[in-house]
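Report on one structure; see the data block that follows.
Because the structure is predicted, anything quoted here is derived from the model rather than measured. Scope of the values below: all heavy atoms of this structure, side chains included, with no hydrogens, waters or symmetry mates. Letters go in sequence order (proteins before strands), and every chain restarts at 1.
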Amino acid sequence: EAGVVQSPRYKIIEKKQPVAFWCNPISGHNTLYWYLQNLGQGPELLIRYENEEAVDDSQLPKDRFSAERLKGVDSTLKIQPAELGDSAVYLCASSLDLGSPLHFGNGTRLTVT
Amino acid sequence: AQTVTQSQPEMSVQEAETVTLSCTYDTSESDYYLFWYKQPPSRQMILVIRQEAYKQQNATENRFSVNFQKAAKSFSLKISDSQLGDAAMYFCAYSGGSNYKLTFGKGTLLTVNP
């Protein structure tokens with residue numbers, strides 16, 4: 001089966017610019033996650049979707065971050081405007097359902113200059 | 001809140017030898033899952049092994065095995081016959097509670113010396 005696909009792999013932007021990340025989960029996986037991984041740290045959950053519904057977005061900085069999962073499949077994560085501290089790796093993961101093992105994509109490394 | 005602690009920022013092992021990575025966690029739940037994930041330079045998090053808390057038997061996947069001590073809240077990973085391809089960051093993770101939120105430790109960087 002195809003894995004979780006993320007794009008782009010790398011993104012360099014200037015501060016105050018917008019940026020978007022895209023994720024295509026494994027086919028049939030109802031649960032989709034966006035994680036933030038700072039250098040030298042473990043991933044931290046930003047948002048979790050059950051189908052189209054965002055069921056856990058308590059860690060998402062809503063003043064500048066937004067996410068959507070149209071039709072319960074692909075998802076995009078947007079930052080507007082980006083700040084220097086947003087430089088990190090953004091990981092997308094999916095699972096068959098809540099409680100099943102997560103499958104991760106390769107992540108997007110964002111550098112904000 | 002659940003916390004996961006990996007006390008070894010870095011570990012090294014000689015090729016073909018055995019190494020053990022430590023992990024402790026804190027939770028008030030009785031039913032939960034524990035995981036070890038591997039993250040090579042490609043950045044993709046790869047599931048190495050999974051343990052269900054209600055199972056007393058330690059999980060094993062080929063050269064990878066765990067020592068799960070529920071009372072001590074300890075979940076160590078043993079890698080036998082280490083290979084160069086095992087070199088990576090290893091993350092211990094906990095999933096439990098009503099939302100099964102996955103909480104990661106800070107990771108252990110494993111180096112395998114030829």
Side-chain angles (χ1 to χ4, degrees), chain A residues 1-11 21 23-26 29-50 53-60 88-111, chain B residues 1-10 21-25 29 31-55 59 61 64 66 75 77 88-110:
Chain A
E1 71 182 359
V4 176
V5 179
Q6 288 188 249
S7 68
R9 284 276 284 163
Y10 302 91
K11 189 73 176 179
F21 315 123
C23 174
N24 178 242
I26 292 174
H29 280 197
N30 297 319
T31 309
L32 184 144
Y33 311 76
W34 282 102
Y35 279 85
L36 165 69
Q37 186 176 21
N38 287 306
L39 185 65
Q41 302 292 318
E44 299 177 5
L45 181 67
L46 287 172
I47 189 168
R48 172 171 64 90
Y49 281 92
E50 292 292 337
E53 183 181 1
V55 295
D56 185 355
D57 62 356
S58 58
Q59 301 303 311
L60 190 72
V89 173
Y90 293 82
L91 293 166
C92 179
S94 69
S95 64
L96 193 59
D97 51 34
L98 193 62
S100 296
L102 273 64
H103 298 262
F104 285 83
N106 285 335
T108 296
R109 181 179 295 280
L110 174 67
T111 301
Chain B
Q2 291 81 15
T3 59
V4 178
T5 302
Q6 293 180 249
S7 59
Q8 306 154 315
E10 298 183 23
L21 308 184
S22 301
C23 173
T24 59
Y25 59 95
E29 302 286 341
D31 190 21
Y32 50 87
Y33 297 90
L34 295 165
F35 306 84
W36 279 97
Y37 279 90
K38 169 185 176 182
Q39 188 178 41
S42 68
R43 295 200 305 264
Q44 185 176 22
M45 299 283 280
I46 301 166
L47 178 64
V48 174
I49 201 164
R50 178 192 191 204
Q51 175 79 43
E52 292 137 322
Y54 67 86
K55 289 187 177 180
E61 288 288 341
F64 299 87
V66 298
F75 183 61
L77 175 70
M89 281 290 287
Y90 284 82
F91 290 95
C92 178
Y94 165 98
S95 175
S98 58
N99 62 5
Y100 287 100
K101 179 179 178 179
L102 193 63
T103 301
F104 288 86
K106 291 189 174 182
T108 297
L109 179 63
L110 178 66

Interchain contact, Q6(B) with chain A, by part (heavy-atom threshold 4.5 Å): neither
Part of D56(A) within contact of chain B (heavy atom distance under 4.5 Å): side chain
Under 4.5 Å from any heavy atom of chain B - which part of T108(A): backbone
Counterpart residues, side chain to side chain contact (heavy atoms under 4.5 Å, CB included), relative to N38(A) (two or more places apart): L36(A), Q41(A), A88(A)
Smallest separation among heavy atoms of R9(A) and S42(B), with atom names: NH1-O, 3.2 Å
L47(B) side chain near H103(A) side chain, heavy-atom distance below 4.5 Å: no
Region of R109(A) in contact with chain B, defined by heavy-atom distances below 4.5 Å: both
Interface moiety of Q59(A) toward chain B, non-hydrogen atoms closer than 4.5 Å: side chain
Any Y33(A) side-chain heavy atom under 4.5 Å of L102(B) side chain: no
Heavy-atom contact with chain A under 4.5 Å, split by part of Y32(B): neither
Proximal component of Q6(A), with respect to chain B [non-hydrogen, under 4.5 Å]: neither
Contact class of L102(A) relative to chain B, heavy atoms under 4.5 angstrom: both
Cation-aromatic face contact R43(B)/Y90(A), 6.0 Å, 45 degrees: no
Residues of residues 88-96 of chain B near chain A, each having a heavy atom less than 4.5 Å away: F91(B)
Partner chain A: residue of Q39(B), K101(B), Q44(B), R50(B) with the largest heavy-atom pair count (under 4.5 Å): Q44(B)
